[in-house]
There are 2 protein chains.
Amino acid sequence: MEAQIDEILKKNQLSVTGSRKRILELFLMSNGALAHGDIERKTGEKFDRVTVYRTLQTFLEKGIIHTIPTSDNSVLYALCKDDCTEGHHHDNHVHFICDKCGKTICLADVHVPQVKLPGGFLPQEYQMVVTGLCAECR
Amino acid sequence: MEAQIDEILKKNQLSVTGSRKRILELFLMSNGALAHGDIERKTGEKFDRVTVYRTLQTFLEKGIIHTIPTSDNSVLYALCKDDCTEGHHHDNHVHFICDKCGKTICLADVHVPQVKLPGGFLPQEYQMVVTGLCAECR
DNA sequence: GTTGGTGCAAAAATTTTGCAGGGTG
DNA sequence: CACCCTGCAAAATTTTTGCACCAAC
């Protein structure tokens, strides 16, 4: 894991610092989406809130993570797949958000079906979010 | 339109007030999604920002409008179809967000395909967002 | 007249920005 | 050692809450 983290950071020409390593580690472990608040909590507020904002922003710009659309006003972040490049994501699996426990789960095996759009639209990214109850909460 | 607005409000046991009429009118006219800021702008800041917040909240609770997931941290609202009831929405069409002009367009004719989920999940609502370039911006 | 909605004020929460000090390459 | 990153402070923005007044029914 340690090596993997370093590799990701170096591949994106980022300095390997404590906060970046820790936050990246959280994403690798969680195997799902994290909100800003999750990260603050899981790091035990060890890092300044501002640092978390800036780290997430940096990861976004480098294409290491991406945002996930949600119906409520929260912003979720999740790791990109390897074939994501700066500004171009291929995160084409479905996300499930549990109404009860609030957890967001990446359904890596469920692909987003490509729908046919009316003429004129130039689609770039398809995202699908399913809400309901997860296996543990139902 | 005037009559339609009154009917919607009365059907939901809401007092017919100036701000509610105006904001509902905006939704009926826009035929798309509106952000909080759009509403403030289009009403010419005639109503207090707090009133807009509370009106939107009320409409949400009554199932008159619903939120639309977006990748950035903005919250968008759109009218529900007639068969939406309190707490249970059937807004099962695809939304398109243009990366250039930022507009959100309801693709009312494009239905959200139902995907099969792994066992255990109890899906309640499917939402799909496509981003890219709209007909005018491409 | 009673109930509920609005506006104003203020508080709380979230996000952004500037700058000096410290760690990384 | 030069540069980028972090933490602190503060500003800006967004959202929530309390309360007195006014409008709707």
Side-chain angles (χ1 to χ4, degrees), chain A residues 2-3 5-27 33-62 64-65 67-77 86 102, chain B residues 2-3 5-27 33-62 64-65 67-77 86 102:
Chain A
E2 187 76 20
I5 291 170
D6 280 27
E7 192 202 313
I8 294 174
L9 290 176
K10 280 181 184 154
K11 196 168 65 184
N12 287 282
Q13 298 151 45
L14 293 174
S15 312
V16 179
T17 66
S19 64
R20 286 178 180 168
K21 281 204 291 195
R22 183 76 182 97
I23 293 174
L24 194 43
E25 185 187 28
L26 283 181
F27 276 111
L34 296 174
H36 180 100
D38 294 330
I39 293 165
E40 283 193 68
R41 230 169 300 117
K42 295 198 179 186
T43 52
E45 272 112 23
K46 196 180 152 200
F47 304 106
D48 195 276
R49 170 173 296 168
V50 176
T51 300
V52 176
Y53 276 113
R54 287 195 271 226
T55 303
L56 289 172
Q57 190 57 43
T58 302
F59 285 180
L60 271 181
E61 283 164 9
K62 290 297 185 178
I64 299 173
I65 60 174
T67 58
I68 295 174
T70 60
S71 315
D72 58 359
N73 27 5
S74 64
V75 189
L76 293 177
Y77 304 88
E86 205 158 330
Chain B
E2 187 75 18
I5 290 170
D6 280 28
E7 192 203 311
I8 294 174
L9 290 176
K10 280 180 185 156
K11 196 168 65 184
N12 288 283
Q13 297 149 48
L14 293 174
S15 311
V16 179
T17 66
S19 64
R20 288 180 180 168
K21 282 204 291 194
R22 184 74 184 95
I23 292 174
L24 193 44
E25 185 187 30
L26 284 181
F27 276 110
L34 295 174
H36 180 102
D38 294 331
I39 293 166
E40 283 194 68
R41 230 169 299 116
K42 295 197 179 186
T43 53
E45 271 115 24
K46 194 181 155 201
F47 304 106
D48 195 276
R49 169 175 297 170
V50 175
T51 300
V52 176
Y53 276 112
R54 288 197 269 226
T55 303
L56 289 172
Q57 190 57 42
T58 303
F59 285 180
L60 271 182
E61 283 164 9
K62 291 295 185 180
I64 299 172
I65 60 174
T67 57
I68 293 174
T70 60
S71 314
D72 56 2
N73 29 4
S74 65
V75 189
L76 292 177
Y77 305 88
E86 203 158 329

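We name chains A, B, ... by the order of the sequence lines, and we start the count at 1 in each one. This structure is a prediction, so every number in the text was calculated from the model and none was measured.
For Tyr53(B), the listed nucleotide lying nearest its side chain is dT16(D); candidates were dT6(C), dT15(C), dT16(D). Relative to the side chain of Ser19(A), the nucleotides dT6(D), dT6(C), dT15(D) differ in distance, and dT6(D) lies closest. Nearest to the side-chain atoms of Val50(A) among the listed nucleotides dT17(C), dC25(D), dT6(C) stands dT17(C). If you check dC8(C), dT17(C), dG5(C) against the side chain of Arg54(A), the one that comes closest is dT17(C).
Residues Phe59(B) and Arg20(B) come closest through the heavy atom pair CZ-O, 3.8 Å.
A sub-4.0 Å separation between OP1 or OP2 of dG25(C) and a side-chain N or O of Ser15(A) is absent. Distances shorter than 4.0 Å separate some side-chain N or O of Thr51(B) from OP1 or OP2 on dG7(C). The side chain of Thr17(B) places no N or O atom within less than 4.0 Å of a non-bridging phosphate oxygen (OP1 or OP2) of dG4(C).
A 4.5 Å side-chain heavy-atom check between Val75(A) and Leu56(A) finds every atom pair outside the cut-off.
Between Gln57(B) atom CD and dT14(D) atom P there is a gap of 18 Å when expressed in whole angstrom units. The interatomic distance linking Lys21(B) (NZ) with dG5(C) (P) rounds to 15 Å, in whole Å. Straight-line distance from the CG atom of Asn12(A) to the C1' atom of dG25(C): 17 Å, rounded to whole Å. Protein atom NZ of Lys46(A) is 15 Å distant from nucleotide atom C1' of dC5(D), rounded to whole Å. If you measure from atom CG of Asp48(B) to atom C1' of dA10(C), you get 13 Å, rounded to the nearest angstrom. Look at CZ on Arg22(A): it is 20 Å from P on dC5(D), rounded to the nearest Å. Nucleotide dT15(D) holds its C1' atom 14 Å from the CG atom of Leu60(B), rounded to whole Å. Taking atom CG of Asp6(B) as the reference point, atom P of dA24(D) lies 12 Å away to the nearest angstrom.
Among the protein residues, Arg20(B) comes within range of the sugar-phosphate backbone only, with heavy atoms under 4.0 Å from sugar or phosphate atoms but none that close to a base. If you check every strand for non-hydrogen atoms under 4.0 Å, Thr58(A) touches nothing.
Judged as a salt bridge (Lys or Arg N to Asp or Glu O under 4.0 Å), and not counting sequence neighbours, Arg54(A) has no contacts.
Take the nearest nucleotide of DNA chain C for Phe47(B) and for Arg49(A): the residue whose nucleotide is more 5' is Phe47(B). A residue-by-residue look at His36(B) and Lys10(B) shows that His36(B) has its nearest nucleotide of DNA chain D further toward the 5' end.
Formation of a donor-acceptor pair under 3.5 Å by the Asp48(B) side chain with backbone atoms of Val50(B) is found in this model.
Atom CG of Leu26(B) and atom NZ of Lys21(B) lie 13.5 Å apart (nearest 0.5 Å).
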